[in-house]
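The block underneath contains the structure these notes are about, expressed in structure tokens.
Here is how names work: the chains are called A, B, and so on, in the same order as the sequence lines, proteins then strands, and each is numbered from 1.
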There are 2 protein chains.
Amino acid sequence: MVTWFGRRPQRTEAPRLSARGVLQPTEKVDISSLAPGVRHFLGQAAYRELGEFESLARAVATAPNLAVKEGLSTAAGRALSKHHGLITEIRRRGHEPATEMAPFVVALDEFRRETSGADWHELLLSCYLGGGLLDDFFIRLSDGLPRDIGPRVLQLLGEDSGTGVLVHELQTAIENDVALGSRLAMWGRRLVGDTLLVARSAMPAADPAEGAEARIEPVFTELIAAHTRRMDGLGLTA
Amino acid sequence: MVTWFGRRPQRTEAPRLSARGVLQPTEKVDISSLAPGVRHFLGQAAYRELGEFESLARAVATAPNLAVKEGLSTAAGRALSKHHGLITEIRRRGHEPATEMAPFVVALDEFRRETSGADWHELLLSCYLGGGLLDDFFIRLSDGLPRDIGPRVLQLLGEDSGTGVLVHELQTAIENDVALGSRLAMWGRRLVGDTLLVARSAMPAADPAEGAEARIEPVFTELIAAHTRRMDGLGLTA
């Protein structure tokens with residue numbers, strides 16, 4: 001459990017995992033009042049997807065064999081296609097993509113540097129876990145977008161990310177190498193902190209007087225629960 | 001003029017450039033009898049496009065600003081989409097993409113290493129000139145594919161490569177920096193040799209007795225003429 005405001009909330013209603021491991025939120029958290037403006041959202045999400053594409057393209061370039069390279073190229077193409085979809089939305093609103101993405105370059109580049117990993121498997125885990133968490137998060141935030149754009153963005157971000165190949169490669173490697181498994185488990189635990197900071201930066205500063213903190217906290221709890229399920233699915237202890 | 005068989009042909013009917021610089025071949029060269037089998041073609045062309053994608057993705061990652069990064073990401077997406085289109089054709093014929101591409105990995109990886117360039121501008125020039133020449137070549141070769149696939153491949157490879165941004169960046173850089181211009185001119189001249197060797201490897205060994213040499217030579221002359229026009233368009237002397 002990570003707390004984002006320097007102290008733990010008095011009470012936390014943690015989401016409960018059902019027998020099938022599916023998230024059952026105790027209540028639907030209304031995030032819409034916490035969502036950033038459309039321009040902020042589109043610029044940040046667009047640059048985020050471009051970064052995911054760049055990381056996956058690096059994984060393609062350094063893949064150990066052709067079949068994996070081929071599978072990863074599909075995942076890279078999906079991230080790129082989400083990026084281009086968001087760019088289309090930016091242009092549709094009459095804005096210049098480069099201008100809209102510019103405010104997010106320093107922080108997101110730094111995030112990618114910090115989470116690029118020491119080797120190919122760490123890079124893969126970063127793409128899968130970081131990408132998964134941020135996709136979840138931006139999908140969640142898109143609830144707060146205006147109706148003339150929210151549903152299109154939701155559909156775009158919800159499209160299959162093609163990450164099955166990442167899961168397969170990671171699972172296989174972890175099964176066959178205990179030492180790698182424990183190193184990746186540590187890496188996964190570290191990733192969640194860095195990634196949540198990026199997510200936090202997508203939301204306006206919390207104003208305790210308005211109870212923003214209490215509304216944001218459960219969203220992060222949900223994101224962490226989904227992250228934990230992804231770790232579990234790989235055979236890693238979160 | 002490059003000769004590929006150790007001696008110059010007795011007579012060369014060189015293509016002539018019209019006033020508008022458009023290639024006017026003196027005769028339509030029948031390449032179909034020289035084309036490789038479908039499997040060879042698809043495997044090689046698919047891995048070639050994957051390599052073009054990887055090079056463009058590297059150019060995206062190292063782009064000097066966001067607007068250029070954005071433009072290059074489109075070009076990278078186009079190469080990836082051609083790659084995936086060829087992969088679809090391989091699967092449609094019941095073959096495994098990794099198996100079909102495998103025979104071409106060593107030579108094409110070596111080609112990409114040799115032509116990756118010393119800096120971002122050289123990389124861009126390699127993507128534009130090498131990619132352009134090989135696209136031309138595979139489009140030309142696709143004439144020799146069976147009718148149930150040739151036209152689809154022709155359309156796929158003929159789609160806009162999104163390289164306008166490469167041309168713009170190179171033109172601007174060359175106009176503003178004479179030293180860079182002469183370095184890139186040398187690089188462009190070197191690229192044509194390496195690239196034509198890749199093209200040559202896509203064709204069966206020439207059998208002088210059957211006049212293959214005489215039929216291949218004009219194809220290469222056309223490719224070189226188109227390369228020269230691309231160099232001219234950038235303000236480089238070929």
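- Here the shortest heavy-atom pairing between B:L50 and A:S73 reads CD1-CB, 4.0 Å.
- One finds the CZ atom of B:F53 at 7.0 Å from the CG atom of A:L80 (value rounded to the nearest 0.5 Å).
- If you measure heavy-atom distances from A:T74 to chain B, the contacts under 4.5 Å come from both the backbone and the side chain.
- Among A:A57, A:A61, A:A102, the residue with the largest count of heavy-atom pairs under 4.5 Å with chain B is A:A61.
- Residue contact with chain B, scored on non-hydrogen atoms closer than 4.5 Å, involves the side chain of A:V105 exclusively.
- Using non-hydrogen atoms only and a strict 4.5 Å limit, no part of residues 152-174 of chain B faces chain A.
- Residues A:K69 and B:Y47 meet the side-chain proximity criterion, which asks for heavy atoms closer than 4.5 Å.
- At a threshold of 4.5 Å between non-hydrogen side-chain atoms, the residues A:E70 and B:E96 do not count as touching.
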_Pair A:R58-B:E54, salt bridge (Lys or Arg N to Asp or Glu O under 4.0 Å): steps then yes or no_ = CA-CA 8 Å; A:R58 201 151 65 79; B:E54 287 186 40; over 6 Å; no
